[in-house]
Amino acid sequence: MTDAGEMRARYRRITRFAARYLAQAWWYELFLPRIGLGSLSARGRAARLTRIARRFHALAVDLGGLMIKVGQFLSSRLDVLPPEITKELEGLQDEVPAVPFDAIRTLAEAELGVPLERAYAWIDPAPLAAASLGQAHRAVLSDADAEQSGLREVVVKIQRPGIDQIVDVDLRALRKVGGWLSRIRLVSDRVDAPALVEEFAATSLEEIDYLNEAANAEHFASDFAGDRRVGVPDVVWERTTRRVLTLQDVTAIKLNDVDGLRASGIDPSNVAIAFASVMFDQLFRDGFFHADPHPGNIFVTPDASADDGTGPGWHLTFIDFGMMGEVPPGLRRGLRRVLIAAASRDGKGMVDGIREVGVLLPSADTTELERAMTTLFARFGGMGFAELQEVDPREFRAFAIEFGDVVRSLPFQFPENFLLIIRAMSLVSGNCSSLNPAFNIWDAVEPYAGELIRQEGGNVVQAFAGQAVTAVRTAARLPQRLDDLTTRIEDGRLSVQNPRLERRIGSLERTMRRVISAVLFAALFVGGLTVRADDAVFGTVLIVVSGIPLLHALLAGWIGRRLP
């Protein structure tokens, strides 16, 4: 049991750290600008923020518990934190010493209700891995358990003693800090700090519940049942509680062990392609995804699938299902739209997709964001990791600063699931690039986006048809509007004597008709190309019919110039 005095000291360290730097922020960001010294505040801002982030990094490593998770969580909050902080915290890892085995033994026996010698035939006192919330040990099941489960070698995850109290104290301190932040208008206008804390609390409490992790593992396994690309360790439920989790030992070649892969005859570039595809399936097909796919949580396991010629001879094995994300159907539809826009380098479509996802308020003026997205695609779209390395770092830095300023000026806050998606995809990109420096994430995105377009072919055609209908409605209203204008002139309500007015109105009407024809052509032609992959006859008919409005769009102007 953790000493109450230690818990009080821990609470004070966290709140004092927050109070100190909140007071510093008030001085530099609120008080100095009010007395005309804003330039002085701005001059040292970058160095000041970096120094704060480094000190928090040191505090998190020293305290462990949830503080490391807080740093990892904050590193992904690109929507509310400046890059000086997120950059410094993005490399924060569980850098904590292992708990002595005697303390681990005591907790495990209390949870399992039997001595470890009865629960397992053997357990390794040296931990396989140690983290801020728990640690893992290799073990061998007893004969009875092995016969019942069909497993022999296992890995036992055991929580650190007193972690429940530590988590409780950390969350109380964070809620206190969240309350302080909610009273600062500069902060409250940009982010709901108490809600952010509760969001983090819910994720953390799920992560320390090993029964929840075991259920997640089985859910993930069911999503990939029959898929030879993916393996998941079996859960030994007889030796699993809220604080002890026993899983099949699936240790194999680490995902980023390029030399080990090659030594086993496995091409790392093929692993990169398969890994990206599997992660896309989780996000866009299943809606249930592994939110922490770093190399320590994924193995490449050689298997015998190559013997019958139907597989690559290996599969990806995922472990550690404490941090999982869910993508509701509405969010999934928005993400599909974002993916299709990214594949087609469509900046406006990307912004529309982001709005549909729900991270932008309806009132948001996205003109600058659309411009930034278009610039991003024009300059860096389609580049792989190797190509990006050749870009002048100063260009990257300048664009990142400008883009970050645009993002932070908009009224939005990412929901957590969206942040978990960003985290997962950034890890996917990094892992694939480490497997193959020439790996281009666009090469993986584009075929997947093409498949989504084929799956949603009807929706795409419907979207184009909707645009055509809108144009037709506009044109249909045009004669009435022109008639109203003429009536107003005849009634004397609008006195305009200009012989060129009628010619200009006629020209405008002809132009609108040509625009309508062009939109109809685009809708029919693109729709035909999309549908043709699944229905060759109907797709061909749409393409042929598209020629009628095309002829009108091309010839109407030429004919009009020759008529009196």
Side-chain angles (χ1 to χ4, degrees), residues 66 69-70 72-80 133 167 171 192 195-227 229-233 235 242 245 247 275-294 297-298 316-340 342 353-360 412-429 431 445 448-449 451-452 455-456:
L66 283 188
K69 301 296 180 185
V70 169
Q72 293 171 341
F73 181 78
L74 293 176
S75 71
S76 64
R77 299 296 318 205
L78 304 176
D79 56 328
V80 295
L133 302 182
V167 168
L171 289 178
D192 185 346
L196 197 65
V197 172
E198 294 307 319
E199 182 180 301
F200 173 74
T203 301
S204 301
L205 292 173
E206 285 183 359
E207 196 168 352
I208 62 170
D209 183 351
Y210 286 166
L211 291 173
N212 179 69
E213 181 175 344
N216 286 341
E218 294 202 335
H219 182 172
F220 190 87
S222 68
D223 284 344
F224 286 95
D227 190 331
R229 300 173 302 165
V230 177
V232 180
V235 178
R242 197 178 73 83
L245 173 61
L247 297 164
F275 177 55
S277 177
V278 166
M279 289 301 300
F280 287 156
D281 279 344
Q282 295 172 46
L283 288 166
F284 301 108
R285 183 194 69 189
D286 304 325
F288 184 72
F289 65 96
H290 198 298
D292 196 22
H294 65 72
N297 285 340
I298 301 151
L316 298 165
T317 302
F318 287 75
I319 63 170
D320 195 348
F321 300 93
M323 187 185 294
M324 304 295 291
E326 293 194 46
V327 189
L331 177 57
R332 206 179 318 163
R333 284 193 297 272
L335 288 174
R336 288 184 174 210
R337 186 170 180 180
V338 168
L339 186 69
I340 292 170
I354 292 172
R355 192 188 293 276
E356 186 174 336
V357 164
V359 300
L360 279 171
F412 71 83
Q413 176 180 305
F414 291 146
E416 184 184 349
N417 276 351
F418 197 72
L419 286 170
L420 291 178
I421 291 167
I422 293 173
R423 171 183 170 80
M425 293 313 299
S426 66
L427 287 170
V428 169
S429 182
N431 287 333
V445 165
Y448 206 88
E451 179 63 28
L452 291 180
Q455 290 174 6
E456 302 182 2

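The analysis underlying the following values was restricted to heavy atoms, covering all of them including side chains, and did not include hydrogens, waters or symmetry mates.
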(message) Do F275 and P293 make a side-chain contact, defined as non-hydrogen atoms from C-beta onward lying under 4.5 Å apart?
(response) yes
(request) Please name the pair of heavy atoms, one in F284 and one in R332, separated by the smallest distance, quoted to 0.1 Å. (result) O-CD, 3.3 Å
(message) Could you check whether any side-chain heavy atom of F289 comes within less than 4.5 Å of a side-chain heavy atom of E326, counting everything from C-beta outward?
(response) no
(request) Give a yes-or-no answer on whether the side chains of H219 and N216 include a donor-acceptor pair shorter than 3.5 Å. (result) no
(request) Would you name the heavy atoms of N297 and H290 that are closest together and state the gap between them? (result) ND2-CE1, 4.0 Å
(request) Enter the distance from I421:CD1 to L283:CG here, rounded to the nearest 0.5 Å. (result) 5.5 Å
(message) Could you report the tightest heavy-atom contact between V235 and A217, atom names first, then the distance?
(response) CG2-CB, 4.3 Å
(message) Do V327 and F288 have side chains that approach each other closer than 4.5 Å (heavy atoms only, starting at C-beta)?
(response) no
(request) Kindly compute the distance separating CG (L247) from OH (Y210), expressed to the nearest 0.5 Å. (result) 10.0 Å
(message) What I'd like to find out is whether the side chain of F321 reaches to under 4.5 Å of the side chain of E207, using heavy atoms alone.
(response) no
(message) My understanding is that only residues two or more places apart in sequence, or in another chain, count here; which of them pass side chain to side chain donor-acceptor pair (under 3.5 Å) with D227?
(response) R229
(request) Output all residues satisfying side chain to side chain donor-acceptor pair (under 3.5 Å) with N212, sequence neighbours left out; order by chain, then residue number. (result) none
(request) Tell me, please, which residues at least two apart from E206 pass side chain to side chain donor-acceptor pair (under 3.5 Å). (result) none
(message) Working to the nearest 0.5 angstrom, can you tell me the gap between L171 CG and L66 CG?
(response) 5.5 Å
(message) Restricting to side chain to side chain donor-acceptor pair (under 3.5 Å), what partner residues turn up for R285, sequence neighbours left out?
(response) none
(request) Kindly indicate whether the side chain of F318, heavy atoms from C-beta on, has any atom under 4.5 Å from the side chain of V278. (result) yes
(message) According to salt bridge (Lys or Arg N to Asp or Glu O under 4.0 Å), does anything in residues 211-225 pair up with another residue at least two apart or in another chain? List the pairs.
(response) K157-E213
(request) Mind checking the OG-CE spacing from S204 to M323? Nearest 0.5 Å is all I need. (result) 8.0 Å
(message) Using the ring-ring contact (aromatic ring centres under 6.0 Å, His included) criterion, which residues pair with F224? Sequence neighbours excluded.
(response) F220
(request) Check whether any side-chain heavy atom of V167 lies under 4.5 Å from a side-chain heavy atom of L205, and answer yes or no. (result) yes
(request) Flag the pair L427 / D292 as yes when at least one side-chain heavy-atom distance between them is below 4.5 Å, and no otherwise. (result) yes
(request) Could you tell me the separation between the CG atom of L316 and the CE atom of M279, rounded to the nearest 0.5 Å? (result) 10.5 Å
